[in-house]
Amino acid sequence: MNIVEKTEARIKEEIVRAVEAAELASPEDMPSVVLEQPKDKQHGDYATNMAMQLARIAKKNPRQIAEDIVEHFDKSKASIEDMEIAGPGFINFRMNNTYLADLVPSILEEAETYGKRGEKRNERIQVEFVSANPTGTLHLGHARGAAIGDALCNILDAAGYDVEREYYINDAGNQITNLAYSVEARYMQAIGKEWDMPENGYHGADIIELGKKLVEVDGEKWADADKEERHRHFRETGLRYALEKIETDLQDFRVTFDEWFSETSLYEGDNIQEAIGVLTEKGLVYDEEGATWFKTTEFGDDKDRVLVKNDGSYTYLAPDIAYHKNKLDRGFDTLINIWGADHHGYIPRMKAAIQALGYEEDTLEVEIIQMVNLFENGEKVKMSKRTGKAVTLRELMDEVGVDAMRYFFAMRSSDSHLDFDMDLARSESNENPVYYIQYAHARIATMLKQAEEKGLHTGRFDGSLLTSEKEIDLLKRLGEFPQIVDDAAVNRTPHRVTQYAFDLASNLHSFYNAEKVLDADNPVRTASRIQLMQAVKQTIKNALALVGVQAPDQM
RNA sequence: GUCCCAAUAGCUCAGCUGGAUAGAGCAACAGCCUUCUAAGCUGUAGGUCGUAGGUUCGAAUCCUACUUGGGACGCCA
């Protein structure tokens, strides 16, 4: 806990104590204390609505309750200068804000761990995201999923959860067979044979290229090879090639995974039969019209779902249930799946599976990522100019850079559609929030460098000199950071962090224009402000790191 | 037809699990560089929170119905 959190906790404790002392509520009836920072500074530094919450319990007028609380409140318990009752019964606290300056040395000491929770929560969370089929390149939907998923993982980790990132490789279905046949066809064509592409083949240029490459590597040795062996080979190489490409794209996008989980591995073990077995034992499986069904309606789904088709093969759901059983068997407390909006209809049956396997419905959380629309020159970009197909993650990365993409994709609540303005993302101006924030960081870097050149960089820190309005604003903002991270983690809302970085940058720019840091005539204040700047710089960097954005020292 | 998400300033969006006069950014208007990066700052203007009900001390927030936009409703993955 930093000094701000400690102070807030102390105020809350004292509110509870005062309520009890005034005999307004017993401990059982005690509402949870809400302490908020009023939007309007006129209302003080903190406010609580406790009196209103108690109105029903104490059966008294809220303003009268507020007076009782204030009467029994010991102001010396926290750095409280003044209290007042306002509006319908708010109690406003005006703080003696000098305590805030203690933040600076503590942030500098914590450095890159500032914002991170000290103690672990002992909760293991697995986040599965991207999981794009290995049959093509990653497009923008995957990119947003990757940006939000990775940011969420960073945030959960910072908030004290044990996090594992996983990518589920759909390497077992028909699509992979099609991929194998497509690679085979391109290989054969590359050595001059007439060979038709499969009906649902992948016609992308990359597969043509792969065909040629395989000829370079192996010559014509596969032309007359045993059919089964040949198919296995093209299947494996096609897969490996596609996965490598995906992994490279993601790495360049600064997203890495702890685990790449293969669907095929579920088939190799007895996992799918086992999972179906568990459901069968519970009487949740039946046969009808030659297929095997899972009674998902028992758990609120619209209709029951097929597990085994009448041709004996599994639907997608069957291995997916086995997969989730596997995840649960690995001992995670919570599973978070990040899915595109087009998969939301799948949630009820997957939640049904989780419950059928004997777990609480909430053990699985599904975060739905809404669609991305690209805009350029004010117009919607439907297709890539280069390929005529959907714009890929790689293309956009080349166009606007990773920082802009990571920030833009994470900056909106995930359940709201995202309009991605390419001109804005590329723009090097204050309109672009990424530049705005990075510029704040770079500005500080410049100041620090000059301070060093002028020999002003060393000196005693005296927090009592940081009392201007802008300095207090900055300090308050700095103090919020751990709580923001915590909120973003608990509510699964990474955009809170992008928002915070922007607000902090805004406070910095505002301070910068109002006050001068480097002042040779005032070395102690200069040293104190330099350390404040270092704390701001560190915090901006930490916040950006959570969402995968770099913090350069110069622009 | 059923289900999910959205609807807040001209535009793009926040709104911290029900609180005070609903906030940012952009666009508009008016200012600020002999001073640490003007890629910045300060100010003004801009709102019936989609509509209608309901819940209560109090609703953008919770409930119901409706309207509009997007998506999903396979023995595809």
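No experiment lies behind these values; they were computed from the predicted model shown. Below, chain A is the first sequence line, B the second, and so on; all start at residue 1.
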Base-pair map of RNA chain B as dot-bracket, where | denotes pairing with a different strand and pairs are Watson-Crick or G-U under 3.5 Å
(((((((..((((.....[...)))).(((((.......))))).....(((((..]....))))))))))))....
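- Between atom OG1 of residue A/Thr334 and atom CD of residue A/Glu365 there is a gap of 6.0 Å, rounded to the nearest 0.5 Å.
- Sorted by residue number, the members of residues 416-427 of chain A with any non-hydrogen atom under 4.0 Å from RNA chain B read A/Ser416, A/His417, A/Asp419.
- Remark: A/Asn432 engages no residue in a side-chain hydrogen bond (donor to acceptor under 3.5 Å, both in side chains) (not counting sequence neighbours).
- Aromatic ring orientation, A/Phe294 versus A/Phe299: tilted (interplanar angle from 30° to 60°).
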At under 4.0 Å between heavy atoms, how does the protein contact nucleotides 16-21 of chain B? Give one character per nucleotide, 5' to 3', with B, S or -.
SB-BB-
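- Counting any heavy atom pair closer than 4.0 Å across all strands shown, A/Ser313 reaches no nucleic acid atom.
- Among the heavy atoms of the strands lying under 4.0 Å from A/Tyr512 is at least one base atom, whether or not backbone atoms are also near.
- Looking at heavy-atom distances under 4.0 Å, A/Lys449 makes no contact with the nucleic acid at all.
- Contact check of residues 431-445 of chain A against RNA chain B (heavy atom, cut-off under 4.0 Å) returns A/Glu431, A/Tyr435, A/Tyr436, A/Tyr439, A/Ala442, A/Arg443.
- Residue pairs meeting the salt bridge (Lys or Arg N to Asp or Glu O under 4.0 Å) criterion with at least one member in residues 429-440 of chain A: none, sequence neighbours excluded.
- Base engagement by A/Glu515 is indicated by at least one non-hydrogen atom pair under 4.0 Å involving a base atom.
- Note: A/Phe481 and A/Tyr500 have parallel aromatic rings, judged against thresholds of 30 and 60 degrees for the angle between ring planes.
- Side chains of A/Tyr168 and A/Asn337: no donor on one and acceptor on the other come within 3.5 Å.
- Among the protein residues, A/Gln483 comes within range of no part of the nucleic acid, since none of its heavy atoms lies under 4.0 Å from any strand.
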